[in-house]
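So that the names make sense, note that chain A is the first sequence line, chain B the second, and so on, each numbered from 1. This is a predicted model, so every value here is computed, not measured. Only heavy atoms go into these numbers, but all of them, side chains included; no hydrogens, no water, no symmetry mates.
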There are 2 protein chains.
Amino acid sequence: MKRENPQLACEKCSVKDSTFFGNMELSSLTCMSENKTCTVYKKNQVVFHEGTRPQGVFCINRGRIKIYKTGVEGKDQIIQILKSGDLMGYRAMFSEEQYPVSAETLEETTLCFIPKSDFMEALSSDPKLSKSIIKSLSKDLSTMADSLTTLAQKPVRERLAGALTMLIDTYDLDAIEGDTEGINLTREDLANIVGTATETLIRLLHDFKEEKLIETQGRKIMIKNKEKLQRVANLA
Amino acid sequence: MKRENPQLACEKCSVKDSTFFGNMELSSLTCMSENKTCTVYKKNQVVFHEGTRPQGVFCINRGRIKIYKTGVEGKDQIIQILKSGDLMGYRAMFSEEQYPVSAETLEETTLCFIPKSDFMEALSSDPKLSKSIIKSLSKDLSTMADSLTTLAQKPVRERLAGALTMLIDTYDLDAIEGDTEGINLTREDLANIVGTATETLIRLLHDFKEEKLIETQGRKIMIKNKEKLQRVANLA
DNA sequence: GGCGTAAACTGACATTTGTCAAGTTTTCGA
DNA sequence: TCGAAAACTTGACAAATGTCAGTTTACGCC
């Protein structure tokens with residue numbers, strides 16, 4: 001039974017406060033809501049491909065998405081994992097170029113697609129939205145400078161520890177003892193976040209298990225000692 | 001004899017067309033020009049330190065600047081090299097956080113400092129400026145996704161070849177036979193761009209010399225075969 | 001619940017890159 | 001122009017990580 005696409009109103013969105021639109025004027029918000037399209041994507045479905053032209057932006061209502069770039073040998077480098085409340089695809093729209101990355105669902109995901117013209121209209125009518133977006137883009141650049149430095153200078157072990165601590169937030173984990181929720185990512189995806197070979201990644205996960213930093217159930221990774229992970233990661 | 005700081009008017013700036021301000025209304029431009037400060041920095045002078053608070057933005061009138069982040073072991077990762085016409089420091093200002101990076105002159109450099117309030121005023125009075133900045137930030141994020149993927153996936157040799165082709169533009173080189181202008185960077189800086197050890201970098205430069213891709217005179221690197229360098233770099 | 005395929009895992013070995021130490025050359029400031 | 005310091009260079013060896021091949025486990029579908 002294929003899941004029906006929902007009709008979600010922005011004003012009533014349960015994750016609205018996590019989005020750029022949280023402080024938007026109600027009239028602008030309902031206006032933008034009227035022309036959007038809500039779609040349920042299955043797990044491992046590509047939302048957009050690197051090299052295609054953006055026609056609008058996507059707001060994530062539910063689920064998680066990997067943003068990745070495919071290198072010359074066909075291997076993927078995961079740049080970011082987005083979750084509910086995040087806006088996706090707006091950068092390529094602003095730079096008036098093709099998507100420099102691809103986007104693929106990591107689990108079943110509901111996306112609201114806002115056509116370019118409606119989004120630009122909202123941007124013009126609400127100067128606070130512009131400001132939020134500039135601020136967010138600037139923070140993203142700061143984060144990426146961090147990522148670049150980490151990749152250039154830290155060994156794989158430290159990078160994996162750092163990635164796991166980051167994923168605590170992405171998966172909304174409490175990291176409290178007994179918490180059975182976990183990070184559900186293939187080892188290949190995790191290796192593509194860290195920037196290493198899958199086998200190397202697996203070996204280090206084994207080490208972390210031996211050291212009681214994590215536990216696994218099937219593919220799921222449970223964080224057992226967040227503080228120590230952060231120390232291993234050499235986070236300031 | 002210490003060099004005097006010049007008084008440069010934005011309306012008459014020789015690199016104005018390379019800046020964000022090239023299409024700005026003359027009245028806004030002169031207004032902004034009135035409250036700025038022009039300063040000559042010597043080679044190897046730090047303009048701002050990572051962790052400090054921005055009070056405005058810098059526009060590069062002349063010279064080159066390395067933007068770098070210092071890792072946990074004290075080694076620098078050069079994120080970007082900026083040249084005349086580039087604007088510097090605006091991202092931290094927008095994100096309302098401390099500079100996530102440091103900036104240091106690579107040669108004698110003239111900078112125009114525009115106080116935050118004047119810059120924000122200009123931004124408010126010229127919506128095209130906002131748009132240019134959003135566009136530029138978005139392109140920068142695309143470039144950084146590239147850099148991240150390159151660092152994760154390409155071997156050092158390819159990365160060096162890519163860095164050298166990028167520096168052709170930064171140093172305004174023609175790459176025409178007989179051109180005696182060159183890239184004047186320490187081997188340590190070049191290694192910090194590529195993300196490798198200085199010795200590894202030097203060995204590869206030696207290889208490139210043997211292969212007639214480059215020539216050196218003292219520290220200066222002359223590009224001899226740009227097309228082949230691009231092929232070595234596996235650039236699309 | 002069973003099956004098949006993909007993903008996860010492991011061991012052995014190869015390759016790439018880094019570290020260390022010492023010597024040579026270039027740069028820069030007085 | 002000179003001298004000292006910084007930068008460049010080279011060789012030897014170590015460490016980190018990747019590749020390859022085979023085995024085991026997990027997941028998704030019927």
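When the C1' atom of dC27(D) is taken as reference, atom CG of Asn44(A) falls 12 Å away, rounded to whole Å. To the nearest angstrom, P of dT15(C) lies 23 Å from NZ of Lys154(B). Put simply, CD1 on Ile202(B) is 14 Å from P on dT19(C), counting in whole angstrom units. Between the CD atom of Glu108(B) and the P atom of dG29(C) there is a distance of 11 Å, given to the nearest Å. Rounded to a whole Å, the CD atom of Gln217(A) is 10 Å from the P atom of dC27(D). Between the CD1 atom of Ile183(B) and the P atom of dC8(D) there is a distance of 14 Å, rounded to whole Å. Rounded to a whole Å, the CZ atom of Arg157(B) is 11 Å from the P atom of dT16(C). Straight-line distance from the CG atom of Leu151(B) to the C1' atom of dT16(C): 15 Å, rounded to whole Å.
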Please enumerate all protein N or O atoms sitting under 3.5 Å from an N or O of nucleotides 20-25 of chain C, with distances to 0.1 Å.
from: dC20(C); atom 1: N4; to: Glu199(B); atom 2: OE2; distance (Å): 3.3

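Remark: Glu211(B) engages Arg157(B) in a salt bridge, criterion side-chain N to carboxylate O under 4.0 Å.
Residue Thr200(B) places at least one side-chain N or O closer than 4.0 Å to OP1 or OP2 of dG18(C). Using a 4.0 Å cut-off, no side-chain N or O of Arg219(A) falls inside it from OP1 or OP2 of dA7(C). Taking only side-chain nitrogens and oxygens, Lys43(B) comes nearer than 4.0 Å to OP1 or OP2 of dC28(C).
A donor atom on one side chain and an acceptor atom on the other are not found under 3.5 Å apart for Thr39(B) and Asn5(B). Using a 3.5 Å distance cut-off with no hydrogens or angles, the side chains of Tyr68(B) and Gln77(B) do not pair a donor with an acceptor. Side chains of Lys154(B) and Asn234(B): no donor on one and acceptor on the other come within 3.5 Å. Inspection of the Asn192(B) and Lys75(B) side chains reveals an N or O donor paired with an N or O acceptor under 3.5 Å. Ser138(B) and Arg91(A) are not linked by any side-chain donor-acceptor pair at a separation below 3.5 angstrom, with hydrogens and angles left out of the test.
How far CZ of Phe113(A) is from CZ of Phe58(A): 5.5 Å, rounded to the nearest 0.5 Å.
A cation-pi arrangement is present between Arg64(B) and Tyr171(B), with the terminal nitrogen or guanidinium carbon under 6.0 Å from the aromatic centre and inside a 45° cone about the axis.
Axis angle between the ends of the helix from dG1(C)-dC30(D) to dA30(C)-dT1(D), five pairs each and rounded to 10 degrees, works out to 70°.
When heavy atoms are screened at a 4.0 angstrom cut-off, Lys209(B) is found touching the sugar-phosphate backbone but no base atom.
Set against dT17(D), dC9(C), dA7(D), the side chain of Thr196(A) has dT17(D) as its closest nucleotide. Between dT10(C), dG18(D), dT19(C), one nucleotide has an atom nearer to the side chain of Ala197(B) than all others, and that is dT19(C).
Nearest-nucleotide assignment on DNA chain D puts the 5′-proximal partner with Leu205(B), out of Ala152(B) and Leu205(B).
Glu158(A) CD: more than 12 foreign heavy atoms inside a 6.0 Å radius.
Val15(A) and Asn61(A) make their closest contact through CG2-O, 3.9 Å (heavy atoms, listed as atom of the first residue, atom of the second, distance).
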